[in-house]
There are 2 protein chains.
Amino acid sequence: MDGRTPAPEGIDADARLDRDTSNCSIARTLEIVGEKWTILILREIFYGSSRFGEFERVLGCPRNLLAARLRMLVEEGILATETYQVPGSRSRPKYVITPRGMDLIPAVLGLLQWGDRYRADPEGPAMLTRHHGCGAPVGVEVRCEAGHAVAAEDIESLPGPTFRLRKAG
Amino acid sequence: MDGRTPAPEGIDADARLDRDTSNCSIARTLEIVGEKWTILILREIFYGSSRFGEFERVLGCPRNLLAARLRMLVEEGILATETYQVPGSRSRPKYVITPRGMDLIPAVLGLLQWGDRYRADPEGPAMLTRHHGCGAPVGVEVRCEAGHAVAAEDIESLPGPTFRLRKAG
DNA sequence: CCCCTGAGTTTAGTATCTAGTACTCAGTCG
DNA sequence: CGACTGAGTACTAGATACTAAACTCAGGGG
């Protein structure tokens, strides 16, 4: 295979190049989380932030973008708003992650893991992640439903139920 | 827990908000693959594309950006150039994925999996992935080095070797 | 009543990115 | 020689993002 991953089964080269990628799940996910700051907001949520001012302070991002990203994440059901109240102040909104948002954690952890491996300082990464139960470091793995660990080379792609070709033109 | 993931152990709230995030592995990974088109180029590599014209045709992205993204991916060691030659033409460059690039597959598969779950058409996704060995669908899982499957709630974060605070100011 | 705080919105100027087209360049074919 | 092809580069217009500051809004406190 000269360094390439396996080409999709059951698609000839023309169909592969003529396929309609508008319903690609990767593209659709990136429409939501692919803009600058969005993944970093999720990182801060993951590390325990929940208030507008906390995100602004630790990320250093423009308030208008922060507001726009938070709105998008809430609209998409990845975050939800609740209220908090410190004594002597009125109640204010905070942002909490939903189950739908939790399901993005493997993707974010995948980015973290790659960065730890290839882009960390020689002394190691800034943050470590470990299993609350046993204390061992955590990572993401590719596995099949039969429970086997799957190497990247052994992942096979094939057309799914909504595979389609572009309109001729 | 009120819907939040565990805050990092061993960091008080001030330190969390004052920490220097410039060496965060997620941010560093996004510096490379966080720009528009980059992940989609990797998707096409994964599906078997390798030539400039193939990426352009199937992605429909501007040629100058495609050239810039490919250059970045090669500089970062995620792709490498080789040459190909069709009979009767001169040799031309093509792009192949490196082991370093292969290690991004879990992150990309994480995005794919989330999109399949929450953003696919009702009839299903456009593409399926399965294990070449046994044919079962593949996905990404969070696991610890001790081999346990780890739920998102059981991931614990703590300061690593290069954790640091921002300069006061 | 006025000031304070946190969470935004609005506005304005600048920088960067994106899209789309036009152009270049190197070899091959007729 | 001139046309053709794939892989880019160059250029221009428009969108988006960044910086920075001012402004709004709803309570609470002095």
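As a basis for the values below, the full set of heavy atoms in this structure was taken, side chains included, without hydrogen atoms, waters or symmetry mates. Each chain gets a letter, A, B and so on, in the order its sequence line appears, and its residues count up from 1.
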Side-chain donor/acceptor of A:R90 to base of D:dG28, under 3.5 Å: no

Integer-rounded Å distance: C:dG6 P and B:L17 CG: 12 Å

Separation of atom CD in A:E82 from atom P in C:dA7, rounded to whole Å: 15 Å

All side chain to side chain donor-acceptor pair (under 3.5 Å) counterparts of A:S22, not counting sequence neighbours: A:D20

Selected nucleotide, minimal atom distance to B:Y95 side chain, candidates C:dT9, D:dT5, D:dG8: D:dG8

Distance in angstrom units between A:E54 CD and C:dG6 P, rounded: 11 Å

Heavy-atom side-chain contact between B:I32 and A:R119 under 4.5 Å: yes

Rounded interatomic separation in angstrom, taking CZ from B:F55 and P from D:dG6: 16 Å

Between B:R92 and B:T83: side-chain donor-acceptor atoms closer than 3.5 Å: no

N/O (side chain, A:W37) to phosphate O (OP1/OP2, D:dT16) under 4.0 Å: no

Touch class at under 4.0 angstrom, heavy-atom based, for A:E35 against every strand present: sugar-phosphate

Residue whose closest nucleotide on DNA chain D lies nearer the 5' end, A:G60 versus B:R92: B:R92

Length of the line joining B:L65:CG and D:dA13:P, which is rounded to integer Å: 18 Å

Protein-nucleotide distance (B:R71, atom CZ; D:dG8, atom P), rounded to Å: 9 Å

Under 4.0 angstrom between B:R57 side-chain N/O and D:dG6 OP1 or OP2: no

Distance-only donor-acceptor test, B:N64 side-chain atoms vs C:dG20 base atoms, 3.5 Å: yes

Atom-pair distance (CD on B:Q85; C1' on D:dT5), nearest Å: 14 Å

Distance-only donor-acceptor test, B:R63 side-chain atoms vs D:dA7 base atoms, 3.5 Å: yes

Phosphate OP1/OP2 of D:dA17: any A:R69 side-chain N/O under 4.0 Å: yes

Sugar-phosphate only, base, or nothing, as touched by A:Y84 at under 4.0 Å among non-hydrogen atoms: sugar-phosphate

Protein-nucleotide distance (B:L73, atom CG; D:dG8, atom P), rounded to Å: 13 Å

Residue B:P62, side-chain atoms from C-beta onward, closest of C:dT18, C:dT9, D:dA7: C:dT18

A:P161 side chain reached by B:L128 side chain, heavy atoms, under 4.5 Å: yes

Salt bridge B:E35-A:K36, side-chain N to carboxylate O under 4.0 Å: no

Which nucleotide in D:dT5, C:dG8, D:dG8 has an atom nearest any side-chain atom of A:F52: C:dG8

